[in-house]
Protein chains: 4
Amino acid sequence: MSRGPKRIPSMVKNPQLVEKRRRQIIRGACDLFIRKGFHKTTTREIARECGLSIGTMYEYIQSKEDVLYLVCDYIHSELEARLKKALDQEGTGRERLTRAIAQHFKAMDAMRDDVLLIYQETKSLPKDAMSYVLKKEEEITSLFEAVLQRGIQDGTLNLDQSSVKLMAHNIMVLGEMWTFRGWVLRQHYTLEEYTRLQTALLLDECTHQSRR
Amino acid sequence: MSRGPKRIPSMVKNPQLVEKRRRQIIRGACDLFIRKGFHKTTTREIARECGLSIGTMYEYIQSKEDVLYLVCDYIHSELEARLKKALDQEGTGRERLTRAIAQHFKAMDAMRDDVLLIYQETKSLPKDAMSYVLKKEEEITSLFEAVLQRGIQDGTLNLDQSSVKLMAHNIMVLGEMWTFRGWVLRQHYTLEEYTRLQTALLLDECTHQSRR
Amino acid sequence: MSRGPKRIPSMVKNPQLVEKRRRQIIRGACDLFIRKGFHKTTTREIARECGLSIGTMYEYIQSKEDVLYLVCDYIHSELEARLKKALDQEGTGRERLTRAIAQHFKAMDAMRDDVLLIYQETKSLPKDAMSYVLKKEEEITSLFEAVLQRGIQDGTLNLDQSSVKLMAHNIMVLGEMWTFRGWVLRQHYTLEEYTRLQTALLLDECTHQSRR
Amino acid sequence: MSRGPKRIPSMVKNPQLVEKRRRQIIRGACDLFIRKGFHKTTTREIARECGLSIGTMYEYIQSKEDVLYLVCDYIHSELEARLKKALDQEGTGRERLTRAIAQHFKAMDAMRDDVLLIYQETKSLPKDAMSYVLKKEEEITSLFEAVLQRGIQDGTLNLDQSSVKLMAHNIMVLGEMWTFRGWVLRQHYTLEEYTRLQTALLLDECTHQSRR
DNA sequence: TATGAATGAGTGTTCATTCAT
DNA sequence: TATGAATGAACACTCATTCAT
């Protein structure tokens, strides 16, 4: 279905070195993009922050936008990895969903700045890179779809098929909401309260479907 | 509570002229920001689009960021106005909430590009302007809080006080979600379906609170 | 036949100002290109030399290559003007040709650096600008063709039609030769000697054609 | 007279290896310089084209300009070799001259891109390298001088001493003209026609000198 | 000898803002 | 009030050259 991430060409041949340097670049750039935004961060700042000369950095990327893509892709990979670990467990569909939501919210809390970054800067990517990033987002969302389906099959969740996709998106968005409304939500709720209340809302919906 | 919008100084004395010119600027800039993003739009382009010379434009603003603030503020006002009109009606709290949600979603659909713009470019505002914009967002959210409270009072809604704020935010976010996940949601749901399903989710929660 | 020179867009509206500034640019750039070559001259140097800030200079051109085109076009215009003045006189075709050659050689001597510049840097122009420059060169050459034809008609020159074009090019090239072989030719010949000898060669050919 | 070509230092001791590698470099660079020009060709491209790593390439040269010199010198050697072969034959001075001209023109046709390269990029050489190249050009020219003198001595050519040098240059330039005006000349003349007409022009002059 | 990753000064170009008219 | 020419700091990116391995 997905043919993996976009390949960013590098002038350097040794793939391990490329991997290593790009990790440096991602780490440095991510911090800066979060602090100052993509457009207000200069390539020289990125280079300095990740301990490379500007010339060396450009041996590993082709453009500043490549850096943004690298960062976005990294953040998504990180999110996906965390979520997959949470799903890789036993229990009924309902139990797994509950854990997945909690884990998702925890990830959102831990990576709130990174997620915010994706929300705000994805649009600065070139067309093709943006498609990749959006596709990745969809893939992550589909992880929740899968858990929902499983719960429907084992009878622990009750949800109309037409609502499955929507619910998956709802879960994603109510998680992300903790990042982009965090500045006010955190004034009123701890992450635990937030998780409890939103989980209730979401699971409730997967219980009383029959009523509608 | 709120001390009204941030004042943007102008070199021009006649307030009606200022008002008129700024409307021109907002209209032109808004289009451009949506099409190209704030950073990739130049002041020259804005001036051309709104039919002013750059010199003249700068008589009515102090910086490019002022334009962004003007645009964001305008969009929020528009959203608020639409919502207030929907709330300015009779019926039980529950009925009013239902209508408000529908109206909110409709507004999100109509103004999806504008809302997206706010989501993506608010962070480009200077600190103080950003506070104003975020505060405005909060004010709009509080409109839903008020409706919820009213429904609780008249007994048509059942919701724990601790959840009121969260629900208001949920309503806001599930509306905005139609803008920033629209590219995929619209492949599966019409606005009507979306509204029906999400309203169910939200109202359901304001009905069975006792269970928890 | 020719639709005039390539239009270089300018950000500045006042055409007289554009004309004036571009003259400044041409003068400054021409000197520098001759001294250092096109590629080794920086845009900053050009700006400084012509008394404009770099930003201002870019209000009147779109790229460094535009400057090169402006310079090449100017040099050609200058050459053409000088030649046309020489042709705008009375006498038999043979007399006119003699004067035209002398004038051409004189122009080459006076503008030797400029002509050399065209020889060496035309290839640095973008494709379309290069066509314009080459076409102009052809137009100038055709001025000699016209004089030759006139001499043939009035019987003062004797030249096969098939040779006319070639002779025109020969005249051009033997003139230009004074610029790009000048460093050694000037060690052995004055411009007058050079002109006399080459004119003899060329006119001789337009006299004894019958022998072949 | 000439102290041979400029010595380009190499880090590598084995002279045969140096010779071999430089042949590689010349072949690769010459192609690129013709296609893209000297300044728009990067050292990386040259290295790639000739199958060496940049590091290795720099063991055999000291700078990019060295490569240009190597290429120019090679082209001249090639031209000189071809011409010498043509002169290494029997016959009267006049016959030898005729053959030399034809051979020269044929060489110009075959190596038109290379000759053009020399015309356009010689000025990019450092001062001292440029002198070498110009001297080489002069040497080649003097080959024609020698043939002319020989024809004068054996009475088959009639030319004033003062014109000998000029005629030699004329021969050179009318040959080179086939390269830098080829784009238009080839539209009207084949190489054979061109050679016939120009040879007539040149030999004619070496026949009727007495008249002047 | 051969390699290729590292370097950073230097390049062409942009654009928010000012200010004389 | 309106204009738009002028400004120059700042930007993304390149590339000849070096040097540790």
**Message:** Between C1' on F/dA16 and CD1 on D/Ile46, what's the gap in Å once rounded to a whole number?
**Reply:** 10 Å
**Asked** Under 4.0 angstrom, heavy atoms only, what part of the nucleic acid is B/Lys13 near: base, sugar-phosphate, or nothing?
**Response** sugar-phosphate
**Request:** Take atom CD1 of B/Ile25 and atom P of F/dA2, then tell me their distance rounded to the nearest Å.
**Result:** 11 Å
**Request:** Would you mind reporting whether D/Ile46 and D/Thr42 have side-chain heavy atoms less than 4.5 Å apart?
**Result:** no
**Request:** Using a 4.0 Å heavy-atom cut-off across all strands, classify D/Thr56 as base, sugar-phosphate, or nothing.
**Result:** base
**A/Ser124 side chain to A/Glu121 side chain, donor-acceptor N/O pair below 3.5 angstrom** = yes
**Prompt:** Across the strands shown, which category fits C/Leu52 at heavy-atom distances under 4.0 angstrom: base, sugar-phosphate, nothing?
**Reply:** nothing
**Prompt:** Under a 4.0 Å N-O cut-off, is there an ion pair linking C/Glu49 with C/Arg27?
**Reply:** no
**Item:** First of B/Thr42 and A/Gly55 reached from the 5' end of DNA chain E, by closest nucleotide
**Value:** A/Gly55
**Request:** Quick one: label D/Thr41 by what it contacts on the DNA or RNA (base, sugar-phosphate, nothing), any heavy atom closer than 4.0 Å.
**Result:** sugar-phosphate
**Item:** Side chain of A/Lys64 - closest among E/dG8, F/dA12, F/dA5
**Value:** F/dA12
**Item:** Nucleotide E/dG12, atom P - distance to CG of C/Leu32 in whole Å
**Value:** 12 Å
**Message:** Tell me the interatomic distance from D/His39, atom NE2, to E/dG12, atom C1', rounded to whole angstroms.
**Reply:** 15 Å
**Complete:** Of the listed E/dA6, F/dT1, E/dT18, the closest approach to the B/Val12 side chain comes from F/dT1
**Asked** Relative to the 5' end of DNA chain F, which residue comes earlier, B/Met57 or C/Ser53, by the nucleotide with the nearest heavy atom?
**Response** B/Met57
**Strand partner of F/dT21, provided both Watson-Crick or wobble distances fall under 3.5 Å** = E/dA2
**Request:** Using whole Å, report how far OH of A/Tyr58 lies from C1' of F/dC11.
**Result:** 9 Å
**Prompt:** Does D/Tyr132 reach the side chain of D/Asp73, with side-chain heavy atoms less than 4.5 Å apart?
**Reply:** no
**Request:** Would you mind reading off the distance between C/Ile54 atom CD1 and F/dC11 atom P, rounded to a whole angstrom?
**Result:** 17 Å
**Asked** Pick the nucleotide of DNA chain F nearest each of C/Gly51 and A/Lys40; which residue has the one closer to the 5' end?
**Response** C/Gly51
**Message:** Using heavy-atom distances to pick each residue's nearest nucleotide on DNA chain E, tell me which of D/Glu59 and A/Arg44 is more 5'.
**Reply:** D/Glu59
**Asked** For D/Glu65 and F/dT17, what is the distance between atoms CD and C1' respectively, to the nearest whole Å?
**Response** 13 Å
**Request:** Among the candidates E/dT7, E/dA16, F/dA6, find the nucleotide nearest to the side-chain atoms of C/Arg21.
**Result:** F/dA6
**Prompt:** Got a sec: does the OH of C/Tyr58 have more than 12 other heavy atoms crowding it under 6.0 Å?
**Reply:** yes
**Request:** Would you classify D/Arg48 as touching base, sugar-phosphate or nothing, given that sugar-phosphate means primed atoms plus P, OP1 and OP2, and contacts are heavy atoms under 4.0 Å?
**Result:** nothing
**Asked** Reckon D/Thr43 touches a base, only the sugar-phosphate, or nothing at all at heavy-atom distances under 4.0 Å?
**Response** base
**Prompt:** With a distance cut-off below 6.0 Å to the six-membered ring centre and an angular limit of 45° from the axis, does B/Lys123 pair with B/Phe38 as a cation-pi contact?
**Reply:** no
**Request:** Take the protein atom OH of D/Tyr60 and the nucleotide atom C1' of F/dT18, then report the distance between them rounded to whole Å.
**Result:** 17 Å
**Prompt:** So what does C/Met11 hit on the nucleic acid, given a heavy-atom distance under 4.0 Å: a base, only sugar-phosphate, or nothing?
**Reply:** sugar-phosphate
**Item:** Complementary nucleotide for E/dA9 - Watson-Crick or wobble, under 3.5 Å
**Value:** F/dT14
